[in-house]
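Take a look at the structure below.
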Amino acid sequence: MENVIARVEREVGERNFSCYMKVKSVNASVLGQGNTARAAIADMLRGWEETKADLKEEGVEATDIDIDYTFDVGSLFNYYDFINVAGVSREIGISPAVMRQYAIGVRKPSQERKEQILEGIKSLAKRLEKASVY
């Protein structure tokens, strides 16, 4: 099984999301687009199925793939739409207005800020993991 990384993103000023992966074992690249991150992923997966069918017609068997997704900040919040932008901004101590600009793709965060956002989300996940309901 081949491990493949798919990038989900939306360029600043663009309305649509894109999802791109390269499957090295068969030298194939697949791009999906959609009005949400989920739609872009689904479009890319449909494209992969079409690519596998084309390869099969050419006598090439595509190996199974395991896809890991990487997201830009806006795509992350779009895909995991249950994550509250204001809550994450409070967790990491940045302005909710700035975080919303990242989430809707108006601004791109620096690499340092991306890491800070990811750590904030992971911190929230750890706190949720410890929570209990009675």
Side-chain angles (χ1 to χ4, degrees):
M1 181 171 296
E2 181 178 355
N3 189 24
V4 177
I5 297 174
R7 295 179 53 93
V8 185
E9 60 190 1
R10 178 172 58 184
E11 294 296 324
V12 173
E14 291 293 320
R15 298 187 76 179
N16 285 326
F17 294 84
S18 64
C19 183
Y20 170 82
M21 72 175 180
K22 180 167 182 63
V23 182
K24 293 179 182 176
S25 62
V26 291
N27 196 28
S29 298
V30 186
L31 173 68
Q33 294 184 317
N35 61 350
T36 65
R38 287 184 192 279
I41 290 170
D43 188 46
M44 184 201 66
L45 293 173
R46 282 189 299 276
W48 173 238
E49 292 303 316
E50 292 170 4
T51 300
K52 286 193 315 186
D54 291 345
L55 288 168
K56 191 171 188 170
E57 286 180 10
E58 296 171 11
V60 177
E61 272 303 314
T63 61
D64 290 335
I65 61 172
D66 180 35
I67 305 171
D68 291 328
Y69 295 93
T70 62
F71 297 87
D72 68 359
V73 173
S75 298
L76 179 85
F77 281 106
N78 183 271
Y79 186 81
Y80 296 105
D81 57 2
F82 55 87
I83 297 174
N84 182 290
V85 173
V88 173
S89 67
R90 279 192 305 272
E91 183 72 18
I92 63 176
I94 67 167
S95 161
V98 170
M99 183 66 85
R100 279 190 293 278
Q101 290 176 346
Y102 296 153
I104 63 173
V106 173
R107 290 177 60 182
K108 289 283 187 188
S110 66
Q111 185 60 37
E112 181 180 321
R113 184 56 59 103
K114 289 177 194 178
E115 291 168 9
Q116 187 181 20
I117 292 167
L118 184 58
E119 287 306 311
I121 291 170
K122 288 180 179 181
S123 172
L124 286 170
K126 286 179 187 174
R127 288 177 31 209
L128 285 171
E129 188 176 296
K130 294 179 182 180
S132 63
V133 177
Y134 61 95

(message) Would you say Val85 ends up clustered with Val88 if hydrophobic residues are merged whenever their side chains have heavy atoms under 4.5 Å apart, either directly or through other cluster members?
(response) yes
(message) Return the CG to CD1 distance between Asn84 and Ile121, rounded to the nearest 0.5 Å.
(response) 11.0 Å
(request) Could you check if a side-chain atom of Ile94 sits within less than 4.5 angstrom of a side-chain atom of Tyr102, using non-hydrogen atoms only? (result) yes
(request) Evaluate the side-chain proximity of Ile67 to Leu45: yes if any heavy-atom separation is below 4.5 Å, no if none is. (result) yes
(request) Check whether any side-chain heavy atom of Val30 lies under 4.5 Å from a side-chain heavy atom of Lys22, and answer yes or no. (result) no
(message) What's the separation between atom CD1 in Ile5 and atom CE in Met21, rounded to the nearest 0.5 Å?
(response) 12.0 Å
(request) Provide the closest heavy-atom pair for Ala39 versus Gly34 in the form atom of the first, atom of the second, distance. (result) CB-CA, 3.9 Å
(message) Rounded at 0.5 Å granularity, tell me how far CD1 in Ile41 sits from CZ in Phe17.
(response) 10.5 Å
(message) Would you say that Arg113 contacts Val73 through its side chain, given a criterion of any heavy-atom pair below 4.5 Å between the two side chains?
(response) no
(message) For a 4.5 angstrom cut-off between non-hydrogen side-chain atoms, does Met99 reach Ile92?
(response) yes
(request) Determine whether Ile104 and Phe82 fall in the same hydrophobic cluster, where Ile, Leu, Val, Met, Phe, Trp and Tyr are linked whenever their side-chain heavy atoms lie under 4.5 Å apart. (result) no
(message) Quick check: is Leu31 connected to Trp48 through a chain of hydrophobic side chains (ILVMFWY, heavy atoms under 4.5 Å apart)?
(response) no
(message) I want to check something: taking the side chain as every heavy atom from C-beta on, are Tyr79 and Arg38 in contact at a cut-off of under 4.5 Å?
(response) yes
(request) Report, as yes or no, whether the 6.0 Å neighbourhood of atom CD on Glu129 holds more than 12 heavy atoms from other residues, nucleotides or ligands. (result) no
(message) I'd like to know if the side chain of Glu2 reaches the main chain of Lys24, judged simply by a donor and an acceptor atom lying under 3.5 Å from each other, with no hydrogens or angles considered.
(response) yes
(request) Kindly give the heavy-atom pair with the smallest separation between Ala62 and Val26, and that separation in Å. (result) CA-CG1, 4.0 Å
(message) Is any side-chain heavy atom of Arg100 closer than 4.5 Å to one of Val106?
(response) no
(message) Do Val98 and Ser89 have side chains that approach each other closer than 4.5 Å (heavy atoms only, starting at C-beta)?
(response) no
(message) If I compare all heavy atoms of Arg10 with all of Asp72, which pair ends up nearest, and what's the gap?
(response) N-OD2, 3.0 Å
(message) So does Pro96 get a backbone contact from the side chain of Arg90, meaning a donor-acceptor N/O pair under 3.5 Å?
(response) no
Under 3.5 Å, which donor-acceptor pairs do the side chains of residues 49-56 form with other protein atoms, sequence neighbours left out?
unit_1	atom_1	unit_2	atom_2	d
Glu49	OE2	Lys52	NZ	3.3
Thr51	OG1	Gly47	O	2.8

(message) Taking Thr36's backbone N and O only, do any of them form a donor-acceptor pair with Asn78's side chain (distance below 3.5 Å, no angle check)?
(response) no
(request) Report the distance from atom CD of Glu119 to atom NZ of Lys126, rounding to the nearest 0.5 Å. (result) 7.0 Å
(message) Between Phe71 and Tyr80 (judged by ring centroids, cut-off 6.0 Å), do the two rings come close enough to count as a pair?
(response) yes
(request) Answer yes if Val133 and Leu128 sit in the same cluster of Ile, Leu, Val, Met, Phe, Trp and Tyr residues linked by side chain heavy atoms under 4.5 Å apart, and no otherwise. (result) no
(message) Please report the interatomic distance OG(Ser18) to CD(Glu11), rounded to the nearest 0.5 Å.
(response) 6.5 Å
(request) Could you pull out the closest heavy-atom pair between Gly32 and Asp43, with the gap in Å? (result) CA-OD2, 3.2 Å
(message) Just verifying a value: how many Å separate Lys108 NZ and Lys114 NZ, rounded to the nearest 0.5 Å?
(response) 7.0 Å
(request) Using the rule that two of Ile, Leu, Val, Met, Phe, Trp, Tyr join whenever any of their side-chain heavy atoms come within less than 4.5 Å, decide whether Leu76 and Leu118 are in one cluster. (result) no
(request) Considering non-hydrogen atoms only, spot the tightest contact between Ile65 and Val23 and give its length. (result) CG2-CG1, 4.0 Å
(message) Tell me the closest heavy-atom pair linking Glu91 and Ser123, and the distance in Å.
(response) OE2-OG, 2.8 Å
